[in-house]
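For ligands, and for the atoms within them, numbers begin at 1 and follow the listed sequence.
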Amino acid sequence: MTVSTAGLSALVAPDPHATSVADAVIAGLMLPEDGIPVHDPATGELLAKVPDLDGDAAIDAVRTADSAGVKWAATTPRQRADVLHKWWALLVEHTEQLAHLITREMGKPLNEARGEVKYGTDFVRWYAEEAVRPGGGFREAPDGGSQILVRRAPVGLAVLITPWNFPLAMATRKIAPALAAGCAAVVKPATLTPLTTYYAVDLARQAGVPEDLIQVVTTSKSGQFSETVLRDERVRKVSFTGSTGVGRQLLKIAADGVLRTSMELGGNAPLLVFDDADLERAVNGTVAAKLRNGGQSCIAANRIYVQDNIADAFVEALTERLSAVPVGNGLGQGTVVGPLIDDRAVKQMLSLTQDAVSKGARLLAGGAAYDSAGHFFAPTVLDNVPTTAEVATAEIFGPIAAIQRFNTEAEVIARANDTEFGLAGYVFTENLDRAFNVADRLETGLVGINQGVPSNAAAPFGGVKQSGIGREGSSEGLDEYQNIRFYNIARRETR
Ligand code: NAD
């Protein structure tokens, strides 16, 4: 496998002046001259440097957020809702700035970045609405001797750790429910994409979120951060989105302090296309589930299983679509697939492709990296991927469609579930009975049925097995930031 542009269409170039929107936002962030460099993955250009905070600075952030949290917890649900509504409105008003910033630091095409702004801001809107519905209830003891008042209280100071692939949405999906519940937050964004978080938190402050309530901590020493911060007694909760390996490490530290934890971890989504599927719908859904974010999504279709009778037609149509996808700078006209996040990711795609081909997979499209300053890899189709290939078990996190064929429903369900992961699954079939039966038997937290983009603010997003613990979004997402308590009220005995 060579690193070559041979046979690949030219990369889409950025529109002239398109960088100025993000540049203006970055200039307004008042970042230091020294610190952790943040690069544009499409060009390698240095965008900014963000503070590289040590353990002491992180503890200062904990102290500051914790004291602001005392006042915030005492606000009324309506006060919190009003502030969140204002934050949502400001975020929406600054959609273009946010989208350009996301594209610049993360690479996804501008239209997709606008989609992330819509998706990410919807969580703020949702939790503005949920803030006035904190829950609670009233029960009667079975023997009638007492009454139980169930109350929900903020869990306390929450540490929120986010990945680089959705710089806005992964932050708002945590910050908004934390604030709605009455918690303060220390947010640690990924060092590859911290600028969107800084900007979104700036807008939160402009919207009336108390200055100290959300502390953003950027650091190149994330291990030191978690060892220090998660052991601080003021911290009561950690919510993490990222890889399963790091999630395990954080769970071990959290165990010592018996912290509340939410873990949104790695995925390895099976996508099942049955021979009774609508071919066009299945191809569209697969393209969406595979290429969103260039495949760098935890719910990306990772193992594509196609039933024998429809396989040739499906593979041909998918190959045609993926071969024609414009690849290039996210700020260019019509770009559908942007750069991967870094060079390591490109090397990983090359290695996965090479390994699969050497073990017998058929390479039908792509399979090559671009010789460019950015980190581009062509959308790739591999058919007849053997189960021994690494791409059949690894979380790909890139634009490789790895196809395996299957014969029976029972067989494909067993193969789909043969993984320690359990985040998303997809089923394409026009048979309603089959759709529900298969979805029921997939060991995943969510299933897209005849569609490839299953997440939105109303959905309780999260995994089973080693894909995670807890849910984000929906009313369940608020539960993660609340402690449930009850008062047992004795009934006066009457004769
Ligand atoms: P990652 O685990 O390398 O990093 C995630 C975050 O954790 C970053 O902020 C990173 O700096 C930080 N981190 C790393 N080591 C740490 C430590 N010891 N202590 C504290 N923080 C630490 O993941 P990534 O490469 O940024 O993201 C990709 C992974 O995230 C994939 O596995 C993907 O499936 C997963 N992901 C999951 C979801 C979900 O909702 N389940 C969503 C997006 C991404």
Worksheet item: Looking just at side-chain N and O atoms, do Lys465 and Thr419 make a donor-acceptor pair shorter than 3.5 Å?
Response: no

Fill in: Side-chain ion pair, Glu96 and Arg114, N-O less than 4.0 Å
yes

Worksheet item: When the ring centroid of Trp164 is compared with that of Phe397, is the distance short of 6.0 Å?
Response: yes

Discussion item. Using a 4.0 Å cutoff against the non-hydrogen atoms of Phe397, which atoms of ligand 1 qualify?
Written reply: 28 (C), 31 (C), 33 (C), 34 (O)

Worksheet item: Among Ser243, Gly266, Ala190, Ala300, which residue places a heavy atom closest to atom 1 (P) of ligand 1?
Response: Ser243

Fill in: Numbering as shown, the atoms of ligand 1 that approach Pro189 to under 4.0 Å (heavy-atom distance)
9 (O)

Worksheet item: Do Arg292's NZ or CZ and the ring of Tyr119 fall within the cation-pi criteria of under 6.0 Å and 45°?
Response: yes

Worksheet item: Which of the atoms in ligand 1, numbered in the order shown and given with their element, are less than 4.0 Å from a heavy-atom of Gln249?
Response: 18 (N)

Discussion item. Under 4.0 Å from a heavy atom of Thr241: which atoms of ligand 1 are those, numbered in the order shown and with their elements?
Written reply: 5 (C), 36 (N), 37 (C), 38 (C), 39 (C), 40 (O), 42 (C), 43 (C), 44 (C)

Worksheet item: Between the side chains of Arg248 and Gln466, is a donor N or O closer than 3.5 angstrom to an acceptor N or O?
Response: yes

Worksheet item: What's the shortest distance from atom 32 (O) of ligand 1 to any protein heavy atom, and which residue and atom give it?
Response: Glu395 OE1, 2.8 Å

Discussion item. Yes or no: does Arg173 have any heavy atom under 4.0 Å from an atom of ligand 1?
Written reply: yes

Fill in: Check: Ser226 N/O within less than 3.5 Å of ligand 1 N/O
yes

Practice prompt. Look at atom 22 (C) of ligand 1 and say which protein heavy atom is nearest, naming residue and atom and giving the distance to 0.1 Å.
Written response: Ser222 CB, 3.5 Å

Worksheet item: Salt bridge or not for Arg415 and Asp418, using N-O below 4.0 Å?
Response: no

Worksheet item: Looking only at protein heavy atoms, which one is nearest to atom 44 (C) of ligand 1, and how far off is it?
Response: Asn165 ND2, 3.4 Å

Worksheet item: Can you list the atoms of ligand 1 that are under 4.0 Å from a heavy atom of Leu423?
Response: 41 (N)

Item to complete: May I ask you to test the Gln97-Tyr199 pair for a side-chain heavy-atom distance under 4.5 Å?
Response: yes

Worksheet item: Does Lys237 make a cation-pi contact with Tyr481, if we ask for NZ or CZ under 6.0 Å from the ring centre and within 45° of the axis?
Response: yes

Worksheet entry | Those atoms of ligand 1 less than 4.0 Å from some heavy atom in Cys298 | 33 (C), 34 (O), 36 (N), 37 (C), 38 (C), 39 (C), 40 (O), 41 (N), 42 (C), 43 (C), 44 (C)

Worksheet item: Identify the closest protein heavy atom to atom 8 (C) of ligand 1: which residue and atom is it, and at what distance?
Response: Thr162 O, 3.3 Å

Worksheet item: Going by the order shown, which atoms of ligand 1 are within less than 4.0 Å of some heavy atom of Gly267?
Response: 34 (O)

Worksheet item: Tell me: protein heavy atom nearest atom 10 (C) of ligand 1, and distance?
Response: Lys188 NZ, 3.8 Å

Worksheet item: Looking only at N/O atoms, are Thr191 and ligand 1 under 3.5 Å apart anywhere?
Response: no

Worksheet item: Under 3.5 Å, is there a donor-acceptor pair between the Glu480 and Ser262 side chains?
Response: yes

Worksheet item: Is ligand 1 less than 4.0 angstrom away from at least one heavy atom of Gly463?
Response: no

Response to the item:
In this structure, atom 25 (O) of ligand 1 is nearest to the protein heavy atom Trp164 NE1, 2.9 Å

Item to complete: Can you sort out which atoms of ligand 1 are near Leu250, meaning under 4.0 Å from one of its heavy atoms?
Response: 19 (N), 20 (C)

Worksheet entry | Any Thr162 side-chain heavy atom under 4.5 Å of Lys188 side chain | no

Practice prompt. Tell me, please: is Gly223 in heavy-atom contact with ligand 1, that is, under 4.0 Å?
Written response: yes

Discussion item. Please list the nearest protein heavy atom to atom 35 (C) of ligand 1 with its residue and the distance rounded to 0.1 Å.
Written reply: Gly242 O, 3.2 Å

Worksheet item: Can you find a pair of side-chain heavy atoms, one from Phe461 and one from Arg471, that are under 4.5 Å apart?
Response: no

Worksheet item: Would you call Arg104 and Leu331 a side-chain contact if the rule is heavy atoms closer than 4.5 Å?
Response: yes

Worksheet item: If you measure only the distance, is there a donor-acceptor pair under 3.5 Å linking the side chains of Arg236 and Asn483?
Response: no

Discussion item. Under 3.5 Å between any N/O of Leu265 and any N/O of ligand 1: does that happen in this structure?
Written reply: yes

Worksheet item: Regarding Glu130 and Ser475, is there a side-chain donor-to-acceptor distance under 3.5 Å anywhere?
Response: no

Worksheet entry | Identity and separation of the nearest protein heavy atom to atom 27 (O) of ligand 1 | Pro163 CB, 3.5 Å

